[in-house]
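Single-structure report; data block below.
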Amino acid sequence: MSKEQIDAILEREKEGLAALSTYIQQNPELGGEEYKSSKVLCDYLEEKGFTVQRGVGPFETAFIANKKKGEGGPHIAFCAEYDALPDVGHACGHHLIGVASVAAGLALAQMEIDEAFEVSVIGTHDEEGVGGKIDLINEGAFEGVDVAMMFHPGYSTIIDVKSLAFHSYDFIFHGKNAHAASEPWEGKNALDGVIQLFNGVSALRQHIKPDVRIHGIIKEGGKATNIIPHRAVAEFCVRSIDNDYLEEVCAQVMDIAKGAALMSGTEVEINEIGHPYAAMVSNQTLVGLYQESLDEFDYVDLSKHHEGMGSIDMGNVSLKVPSIHPVLSLTDQLVPGHTKEFADMCNTPLAYDTMLLAGKTMAHTCWKVIQSKELQQKIKEEFRKSVMGDGTRIPN
């Protein structure tokens, strides 16, 4: 009867949940500024009987909504995202993600379950900018959590999600100004350092594994053509599916930057930007349970195209807590995220129906976990074998 219970609870709340998601979609807020979105989610959860902590540490728009039944039992967390992108608004579907997690938490909290458990909806700020989940890991928000999950809309359905770990750096080259025509020999061209860095990275690409992505931009390159620039800045992001191999490639890129400084007679300063993201380690027991739940809810997979890998801060959560991050398709067309077309696709009746289905299937997956101590142990044992005690992935 668990499926019927979940169906009844969330069908009853369907209009309210859709209205909540539509409100967030129509009021897009950038990361760290999600005041309206955070407030409406917190207000809704409080109305439904959750104890809500508004703000986590210094992060005003993060929250933790919690409900317990009995003492002991597994602690389930659903991660909610609700930040938007510049210019294109909710072109990553975070208005759907946030409310799907609220729906899952609500369904689980209202089910008639004999076993003790605890459910939390963790509102994670600024996923697009700095990786808010990593901030919340550092604040202890995931301490004591036994299972964590969220869903993401996309153009293909992927239950066992992989992601690329990444580091991002500013390379700041310091040279010396000079008149470019009359005394160029007095100058040291910082832009030359940046250009040699790009050339070196291009040469490196021939010698790295195919999953690695290195992409960069020039943020500063000088002020006028007749002035040899004393300062130039490049930003590079380096990604790999392998956390350890990523560190090797990052070290190579840093060596290239130092060589570029030597070649140009400049000095280079290297600053890491934001949090490093870890590659996702999906818990295979949870992957199987979630696939079962999708099948039980008669999910129709629309996808005809395979979606590539990006980077997600849920990867860092997956090294802390057994986790999954399934993607459900909204289309049979290839519609990449972070585009106006994807934003439009995430604001349709099908998108809101998929959001509700994601809430139902996440709740049903976790109901199975709560009901079975054997499953709980299996999830923990798999996590222990795949992730080291210090939160790093054990190599295959």
Side-chain angles (χ1 to χ4, degrees), residues 3 7 10 14 17-18 21-22 25 79 81 84-85 87-101 103-104 127-128 149-166 209-213 215 239-241 277 279-284 286-315 318 323-365:
K3 176 180 178 294
D7 252 333
L10 292 187
K14 181 176 181 177
L17 290 165
S21 185
T22 302
Q25 189 273 337
C79 296
E81 298 173 2
L85 290 156
D87 300 325
V88 287
H90 279 289
C92 203
H94 288 194
H95 62 299
L96 304 174
I97 294 169
V99 177
S101 288
E127 188 274 338
E128 296 289 359
M149 65 181 64
M150 59 174 282
F151 115 100
H152 203 293
Y155 65 81
S156 64
T157 294
I158 311 167
I159 310 307
D160 184 6
V161 162
K162 312 293 185 188
S163 73
L164 298 172
F166 88 81
K209 294 178 182 178
D211 65 277
V212 174
R213 301 289 184 270
H215 35 106
R239 306 181 196 244
S240 171
I241 199 168
Y277 281 29
M280 183 76 193
V281 184
S282 295
N283 185 276
Q284 295 304 302
L286 288 172
V287 165
L289 290 172
Y290 188 81
Q291 183 65 65
E292 283 178 12
S293 294
L294 265 186
D295 294 341
E296 289 171 42
F297 277 88
D298 300 320
Y299 171 67
V300 178
D301 182 5
L302 299 173
S303 57
K304 293 183 179 177
H305 302 275
H306 181 70
E307 201 155 342
M309 283 186 288
S311 301
I312 50 177
D313 59 0
M314 196 69 182
S318 75
S323 304
I324 55 171
H325 181 285
V327 177
L328 301 184
S329 176
L330 304 181
T331 181
D332 61 358
Q333 302 298 308
L334 198 162
V335 185
H338 293 204
T339 63
K340 182 183 182 301
E341 291 75 17
F342 193 82
D344 292 342
M345 192 173 70
C346 287
N347 188 32
T348 62
L350 174 60
Y352 295 112
D353 287 346
T354 303
M355 173 192 79
L356 195 68
L357 175 70
K360 290 177 180 179
T361 49
M362 288 193 292
H364 196 236
T365 299

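Just so we're clear, the structure is a prediction, and the values are computed from it rather than from any experiment.
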Does [X] reach the main-chain N or O of [Y] with its side chain, forming a donor-acceptor pair under 3.5 Å?
X	Y	answer
Thr157	Ser329	yes
Ser156	Glu307	yes
Thr361	Leu294	no
Ser21	Leu17	no
Thr331	Gln333	yes
Thr339	Val335	no

[atom1]-[atom2] distance between [X] and [Y], expressed to the nearest 0.5 angstrom:
X	Y	atom1	atom2	result
Ser282	Lys162	OG	NZ	6.0 Å
His306	Leu334	NE2	CG	11.0 Å
Tyr290	Met362	OH	CE	6.5 Å
Met309	Arg213	CE	CZ	7.0 Å
His215	Arg239	NE2	CZ	4.0 Å
Thr354	Met345	OG1	CE	9.5 Å

Please find the pair of heavy atoms, one from [X] and one from [Y], that lie closest to each other, and give the distance.
X	Y	result
Cys79	Ser101	O-OG, 2.7 Å
Leu330	Leu350	O-CD2, 3.1 Å
Phe297	Lys3	CZ-CG, 3.6 Å
Gly359	Leu10	C-CD1, 4.0 Å
Asp211	Ile241	OD2-N, 2.9 Å
Ala91	Ala343	CA-CB, 3.7 Å

**Message:** Please verify the inter-ring angle class for His95 with His90; under 30° counts as parallel, over 60° as perpendicular, anything in between as tilted.
**Reply:** tilted

Kindly indicate whether the side chain of [X], heavy atoms from C-beta on, has any atom under 4.5 Å from the side chain of [Y].
X	Y	value
Ile324	Ile159	no
Asp313	Glu81	yes
Phe151	Leu96	yes
Met355	Pro153	no

**Message:** If you apply the rule side chain to side chain contact (heavy atoms under 4.5 Å, CB included), what do you find for Gln25 with Tyr352, and how did you get there?
**Reply:** CA-CA 11 Å; Gln25 189 273 337; Tyr352 295 112; 4.1 Å; yes

**Request:** Run the salt-bridge test on Asp353 and Lys14 with the 4.0 Å N-O cut-off and return the result as yes or no.
**Result:** yes

**Message:** Applying side chain to side chain contact (heavy atoms under 4.5 Å, CB included) to Cys92 and Leu85, what does each step give before you reach the verdict?
**Reply:** CA-CA 8 Å; Cys92 203; Leu85 290 156; 4.3 Å; yes

**Asked** Does the side chain to side chain contact (heavy atoms under 4.5 Å, CB included) test come out yes or no for His325 and Ser163, once each step is laid out?
**Response** CA-CA 10 Å; His325 181 285; Ser163 73; over 6 Å; no

**Message:** Counting neighbours of CG on Asp87 that are heavy atoms of other residues, nucleotides or ligands and sit closer than 6.0 Å, is the number greater than 12?
**Reply:** no

**Derivation of the side chain to side chain contact (heavy atoms under 4.5 Å, CB included) call for Leu328 and Ile158** = CA-CA 7 Å; Leu328 301 184; Ile158 311 167; over 6 Å; no

